[in-house]
Amino acid sequence: MVALLVLLTFASFILVDYLLHREKYRFPVAEPEAEPQPETAPVVAGVALPESLHYHPGHTWAVDRGHGRIRVGLDEFAAGLLGAIRKIEAPPRGRWLRQGEKGWTVHTGLGQAPMLAPADGEIVAVNDQALADPSLITRDPYRAGWLLEVFSPDAEVSLRNLLSGALARRWMEWSVAELRRALSPATMATALDGGRIHSGFGEQLSPEKWRELTERFFRC
């Protein structure tokens, strides 16, 4: 009986302490992972080229999201060359992408263009907003217009196989120089509107020229 009274007294002390100091008993709630803040991307030969990204020579990009996740999309050069995108044919969640192989297909009024995946991994997220409104990809290919996220057991290896830093800048300079050689002076002047690549210049091309250039630069 004495032991029971002691236990009840002890329990009452705990209850009173909780009621008076309940804040200290609250468990902290994990904050959701914040989206990365937009960076001011340097412009290389008229094309925005964020330094935080890694680039595939087929004009797609990848960025490390941590914990083995890699986000991928197409670069500003590709967005300009493609023109108005009508539809993106993307693989579903759970599909495995292989670096350097076909990742998705872009449909435009001039034709369709397969594009190469910049990283290995299982698709774990799809940007449904961009698929529903492909103009996001043209207007903002590096942020709102991202396409897929993959989980890659070898994320570091995938990213190491891509272009970054000085190599990425030289590659983009070469790409724009090759584009200049492929287009007429009048078309190129319109494509580089004010020194920046125009987001829809591909729409000015004939279907034959568009197909030739997309196959050449996207390596498909």
Side-chain angles (χ1 to χ4, degrees), residues 38-63 72-88 99-119 130 134-147 159 161-220:
E39 62 178 290
T40 303
V43 175
V44 177
V47 180
L49 203 70
E51 295 178 337
S52 59
L53 308 184
H54 295 72
Y55 300 90
H56 187 278
H59 288 277
T60 55
W61 58 260
V63 65
V72 304
L74 54 87
D75 70 17
E76 191 176 79
F77 180 98
L81 179 54
L82 286 165
I85 300 172
R86 293 183 174 178
K87 185 178 81 167
I88 297 284
Q99 188 174 51
E101 295 184 4
K102 178 184 170 183
W104 58 85
T105 301
V106 181
H107 296 258
T108 77
L110 295 171
Q112 61 183 48
M115 302 196 72
L116 303 181
S135 68
L136 283 176
I137 301 165
T138 306
R139 298 196 314 267
D140 192 10
Y142 300 124
R143 292 190 293 270
W146 66 273
L147 293 177
L159 296 173
N161 290 336
L162 301 175
L163 301 169
S164 62
L167 279 177
R169 291 191 292 273
R170 286 199 291 271
W171 158 73
M172 187 57 75
E173 289 168 352
W174 175 87
S175 294
V176 175
E178 288 294 297
L179 186 65
R180 286 181 183 277
R181 282 191 277 271
L183 297 180
S184 68
T187 305
M188 193 62 205
T190 309
L192 284 173
D193 184 14
R196 287 294 305 277
I197 197 163
H198 191 274
S199 61
F201 83 85
E203 297 172 57
Q204 307 166 37
L205 306 175
S206 68
E208 295 75 22
K209 192 67 174 177
W210 183 90
R211 191 173 305 108
E212 172 199 331
L213 293 178
T214 54
E215 289 177 357
R216 178 177 176 184
F217 287 107
F218 301 160
R219 302 184 172 222
C220 284

Inset, instruction - For residues Trp171 and His56, establish whether the separation of their ring centroids is below 6.0 Å. - result: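 So the answer is no for these two rings.
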Between [X] and [Y] (side chain of the first, backbone of the second, donor and acceptor by atom type, cut-off under 3.5 Å), is there such a pair?
X      : Y      : answer
Gln99  : Pro118 : yes
Thr60  : Leu116 : yes
Glu203 : Ala84  : yes
Lys102 : Cys220 : no

Closest approach of [X] to [Y] (non-hydrogen atoms, all atoms of both residues):
X      : Y      : answer
Val44  : Arg169 : CG1-O, 3.6 Å
Ala130 : Ala144 : CB-O, 4.2 Å
Ala113 : Trp210 : CB-CH2, 4.0 Å
Gly58  : Met115 : O-CE, 3.9 Å

Inset, instruction - Apply side chain to side chain contact (heavy atoms under 4.5 Å, CB included) to Leu53 and Leu162, showing your working. - result: CA-CA 9 Å; Leu53 308 184; Leu162 301 175; over 6 Å; no
Rounded distance (nearest 0.5 Å) linking atom [atom1] of [X] with atom [atom2] of [Y]:
X      : Y      : atom1 : atom2 : answer
Leu192 : Leu183 : CG    : CG    : 9.0 Å
Leu159 : Tyr55  : CG    : OH    : 12.5 Å
Thr105 : Ile88  : OG1   : CD1   : 8.5 Å
Gln112 : Arg86  : CD    : CZ    : 12.0 Å
Leu49  : Ser164 : CG    : OG    : 10.0 Å
Ile197 : Leu179 : CD1   : CG    : 6.0 Å

Inset, instruction - Given side chain to side chain contact (heavy atoms under 4.5 Å, CB included), test Leu205 with Leu81 step by step and report yes or no. - result: CA-CA 9 Å; Leu205 306 175; Leu81 179 54; 3.9 Å; yes
Inset, instruction - Evaluate the side-chain proximity of Val43 to Arg196: yes if any heavy-atom separation is below 4.5 Å, no if none is. - result: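 Yes, close enough: below the 4.5 Å cut-off.
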Inset, instruction - Determine whether Phe77 and Val176 make a side-chain contact, defined as any pair of heavy atoms from C-beta on separated by less than 4.5 Å. - result: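 Yes, side chains in contact.
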Inset, instruction - Give the C-alpha distance, both sets of side-chain angles, the deciding distance and a yes or no for side chain to side chain contact (heavy atoms under 4.5 Å, CB included) between His59 and Met172. - result: CA-CA 9 Å; His59 288 277; Met172 187 57 75; 4.1 Å; yes
Inset, instruction - Decide if atom CZ of Arg216 counts as having more than 12 heavy atoms of other residues, nucleotides or ligands within a radius under 6.0 Å. - result: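 Correct, the count exceeds 12.
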Legend entry - Carboxylate-amine/guanidinium proximity below 4.0 Å for Arg181 and Glu178: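 Looking at Glu178 together with Arg181, the answer is yes, because their closest N to O distance falls below 4.0 Å.
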Legend entry - Glu208 bridged to Arg211 by N-O distance under 4.0 Å: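 Salt bridge flag = no for Arg211 with Glu208.
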Inset, instruction - Test side chain to side chain contact (heavy atoms under 4.5 Å, CB included) on Thr138 and Leu82 and set out the steps. - result: CA-CA 8 Å; Thr138 306; Leu82 286 165; over 6 Å; no
Inset, instruction - Return the orientation label for the Trp61 and Tyr142 ring planes: parallel under 30°, perpendicular over 60°, tilted otherwise. - result: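 Ring orientation, 0 to 90° scale: tilted.
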